[in-house]
Asks: 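The structure under discussion is supplied below as structure tokens; questions concerning it will follow.
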Amino acid sequence: MKLRLSEKIQQLLNEQLNKELYSAYLYLSFADWYDDYGLRGFANWFVVQASEEKAHAMRIRTYLLDNDVKPVLEPIAAPQKQVSDPANGIELAYEHECFITDSINQIYTESVNEGDYRTKKFLEYYIAEQQEEEITCIDMMDDMKLFGVTPEGLFALDEKYGSRVAASTSAEMPR
Ligand code: FEO
């Protein structure tokens, strides 16, 4: 039986699956830094973000399996970025999200070039998601500049980020 997904698309999606799991691992390390620093609301925000990243990975897993491709689970690298202060963690997250956006765009370009419109459609969720995540990071960087410079402002932001809860994704991920 001929597989629908080209070798190249399979490889790129497998790499993306690894990048999403790495993102979860990275954000968990950020959460650890904030928790240790005493900002449990920020830590909560990054724990929730880590769970979203795992959900992104699971979507790719499902897509590969639905197309008769067994995912290849490669080792996940240790987090490469170290948070240095409360604002820095947000900046590093933004930097990382831009990297992920570029990565998604690369797969999208490949799917268009190959005429693989199934994968192109699948990736549209990620294109929208990346835009949302970049905007969220930019908003948080603005928050830090405006309010994070005083203990009272930082306290208020910690309360705000502490209220973030994980979105339910189970309905979208049948496996
Ligand atoms: Fe799954 Fe934040 O990119």
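When a ligand or atom number is given, it counts from 1 through the structure's own listing order.
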Asks: At atom 2 (Fe) of ligand 1, what is the angle formed between atom OE1 of Glu133 and atom OE2 of Glu97, rounded to the nearest 10°?
Replies: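 Centred on atom 2 (Fe) of ligand 1, the OE1/OE2 angle is 100° (to 10°).
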Asks: Less than 6.0 Å separating the ring centroids of Tyr34 and Tyr37?
Replies: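 When the ring centroids of Tyr34 and Tyr37 are compared, they turn out to be at least 6.0 Å apart.
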Asks: Output the atom name for the N/O/S atom of His56 with the smallest distance to atom 1 (Fe) of ligand 1.
Replies: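 Nearest to atom 1 (Fe) of ligand 1 within His56's N, O and S set: ND1.
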Asks: Does this structure show an ion pair linking Arg61 with Glu20, if we count only N-O contacts that are shorter than 4.0 Å?
Replies: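 Between Glu20 and Arg61 there is no salt bridge, as every charged N stays at least 4.0 Å from the carboxylate O atoms.
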Asks: Do any of the N, O or S atoms of Glu129 sit under 2.8 Å from atom 2 (Fe) of ligand 1?
Replies: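 Under 2.8 Å: Glu129 has no N, O or S contact with atom 2 (Fe) of ligand 1.
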Asks: When you measure from atom 2 (Fe) of ligand 1 to each N, O or S atom of Glu53, which atom gives the shortest distance?
Replies: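 Considering only N, O and S atoms, Glu53 comes nearest to atom 2 (Fe) of ligand 1 through OE2.
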Asks: Starting from the C-alpha separation in whole Å, work towards a yes-or-no answer on side chain to side chain donor-acceptor pair (under 3.5 Å) for Gln106 and Glu110.
Replies: CA-CA 6 Å; Gln106 187 195 347; Glu110 179 65 23; over 6 Å; no
Asks: Could you tell me whether any N, O or S atom belonging to Glu20 is less than 2.8 Å from atom 1 (Fe) of ligand 1?
Replies: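 Given the 2.8 Å cut-off, Glu20 counts as a ligand of atom 1 (Fe) of ligand 1.
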Asks: Using 2.8 Å as a strict upper limit, say whether an N, O or S atom of Glu52 approaches atom 1 (Fe) of ligand 1 that closely.
Replies: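 No, outside the cut-off.
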Asks: Please work out which of the three classes, parallel, tilted or perpendicular, describes the rings of Tyr126 and His56, given edges at 30° and 60°.
Replies: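 Correct class here is perpendicular.
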Asks: Taking 4.0 angstrom as the limit, do Asp143 and Lys160 come out as a salt bridge?
Replies: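 Looking at Lys160 together with Asp143, the answer is yes, because their closest N to O distance falls below 4.0 Å.
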